[in-house]
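Since the model is a prediction, treat every value here as computed from it, not as a measurement.
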Amino acid sequence: MQHATGPIDVIHATTIAMPPRSAPLVISVHDVAWLKDPSHFTRRGLSFFNRGLELAMSEADLLLCSSRATMADLARLGVSEPRLQLVPLGVDLTEAPGVDTERVRATYGLKRPYLMWIGTVEPRKNLPGLLAAWRKLERDIDLALVGPRGWNENLDKLISDGDRSRVKVLGFVPQADKAPLLKGAEVFCFPSFTEGFGFPVLEAMTQGTPVVTSLGTSTEELGRGAAVLVEPRDADSIAAGIDSLLADPNLADKMAAAGRERAAAYTWEHTAERVLSAYRRAAA
């Protein structure tokens, strides 16, 4: 590497794909979700992640963690505290204008009030739990699912024939459409089993959309005091969380305001400052 760049002070691997070590090494570890439930991942993915983590734990000078939840996971695996540094990520704080919200409603055929979820379709995102909770709601509200197909989850089989007119599977949407779709939702629901950070939670908060998300993972850190927190393995808990916001406009407004304030604390400038601090520690 240094034949092309000249001498370097620090190498930063932004995932656990390990580069050759020829200078102090900093590695970003966003989560260790595959260790918590290997069945949620492909065999090839497990092999890659396990080897990458093994090398990161043995070779890295500093491991940058997106959340305290990930820091705690690495500490339980035996990484010493001085090698861990919390580096929360940032979010685009631009709020979508109302005209864009109307545009995306027309584009995607969203003619009724809707709940929204964003993510890759994979097991740890808990779409079966979200669908079960949505079916328990005694309300006339659709469910919009945004994001690409992933692995080990068949969305077509999860949606029953009776649901198909009201579950709007939008798939991948352009970045310009995501914010107005979030702004137009009554509630954003993100009941993942495991997350390393939780971008969609902050993205929804930025748009003033009240959030329901999971206890026991990194989204609890983002949502504590600014979202309704639920038990992701309990469809009744998820349904009750959603219904609490739909039934109480004052609570929804309170969560929307608290969410905007919470999201505003997660800037990319703050992330850059933390990363620079890590580089200085590693270089020293």
[X] side, atom [atom1]; [Y] side, atom [atom2] - distance, nearest 0.5 Å:
X	Y	atom1	atom2	result
Leu74	Met71	CG	CE	8.5 Å
Ser28	Leu89	OG	CG	8.0 Å
Cys65	Arg274	SG	CZ	11.5 Å
Leu229	Leu215	CG	CG	5.0 Å

Evaluate the criterion side chain to side chain contact (heavy atoms under 4.5 Å, CB included) for residue pair Leu115 and Ile141; output intermediate values, then yes/no.
CA-CA 7 Å; Leu115 309 175; Ile141 192 162; 3.5 Å; yes
Can you classify the ring geometry of Phe193 versus His40 as parallel (below 30°), tilted (30 to 60°) or perpendicular (above 60°)?
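Taking His40 first and then Phe193, their aromatic rings lie parallel (interplane angle under 30°).
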Which label fits Phe199 and Phe197: parallel for a plane angle under 30°, tilted from 30 to 60°, or perpendicular past 60°?
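It falls in the perpendicular class, over 60°.
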Is there a path from [X] to [Y] through hydrophobic residues (I, L, V, M, F, W, Y) whose side chains come within less than 4.5 Å of each other?
X	Y	result
Trp268	Leu202	yes
Tyr114	Met205	yes
Leu62	Ile11	no
Leu222	Val87	no
Leu86	Tyr266	no

Taking Gly198's backbone N and O only, do any of them form a donor-acceptor pair with Glu203's side chain (distance below 3.5 Å, no angle check)?
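It does not hold such a pair.
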Check: Arg164 side chain, Ile159 main-chain N or O, donor-acceptor pair, under 3.5 Å:
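Between the backbone of Ile159 and the side chain of Arg164 there is a qualifying donor-acceptor contact (under 3.5 Å).
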Pairing residues for Lys183 by the side-chain hydrogen bond (donor to acceptor under 3.5 Å, both in side chains) criterion, not counting sequence neighbours
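In terms of side-chain hydrogen bond (donor to acceptor under 3.5 Å, both in side chains), with neighbours along the sequence ignored, Lys183 is linked to Glu95.
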Salt bridge (charged side-chain N to carboxylate O under 4.0 Å, His left out) between Lys168 and Asp163, intermediate numbers included:
CA-CA 9 Å; Lys168 311 297 184 181; Asp163 295 338; over 6 Å; no
CZ (Arg68) with more than 12 external heavy atoms under 6.0 Å:
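For Arg68, atom CZ is not crowded (no more than 12 foreign heavy atoms under 6.0 Å).
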Are there more than 12 heavy atoms of other residues, nucleotides or ligands under 6.0 Å from atom NZ of Lys254?
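Atom NZ in Lys254 is not packed in, count stays at 12 or less.
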Under a 4.0 Å N-O cut-off, is there an ion pair linking Lys125 with Glu153?
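Salt bridge absent between Lys125 and Glu153.
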Do Arg149 and Asp156 sit within salt-bridge range, that is, some charged N less than 4.0 Å from a carboxylate O?
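Counted as a salt bridge, because a side-chain N and a carboxylate O are separated by less than 4.0 Å.
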Quick test of your reading: applying side chain to side chain donor-acceptor pair (under 3.5 Å), list the pairs with at least one residue in residues 41-65, sequence neighbours left out, ordered by first then second residue.
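Qualifying pairs: Arg21-Asp61, Trp34-Asn50, Arg51-Glu54.
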Verdict with reasoning, Asp177 to Arg103, per salt bridge (charged side-chain N to carboxylate O under 4.0 Å, His left out):
CA-CA 9 Å; Asp177 290 352; Arg103 174 182 62 79; 2.9 Å; yes
Would you say the side chain of [Y] lies within less than 4.5 Å of the side chain of [X], judging by non-hydrogen atoms?
X	Y	result
Thr70	Val32	no
Asp142	Val167	no
Leu25	Val10	no

Please report the C-alpha distance between Leu137 and Ile242 in whole Å, then the side-chain angles of each, then the deciding distance to 0.1 Å, and finally whether the side chain to side chain contact (heavy atoms under 4.5 Å, CB included) criterion is met.
CA-CA 8 Å; Leu137 298 172; Ile242 297 169; 3.8 Å; yes
Applying the side chain to side chain contact (heavy atoms under 4.5 Å, CB included) test to Arg124, which of Asp37, Thr217, Asp31 qualifies?
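So, applying the side chain to side chain contact (heavy atoms under 4.5 Å, CB included) to Arg124 and each of Asp37, Thr217, Asp31, only Asp31 qualifies.
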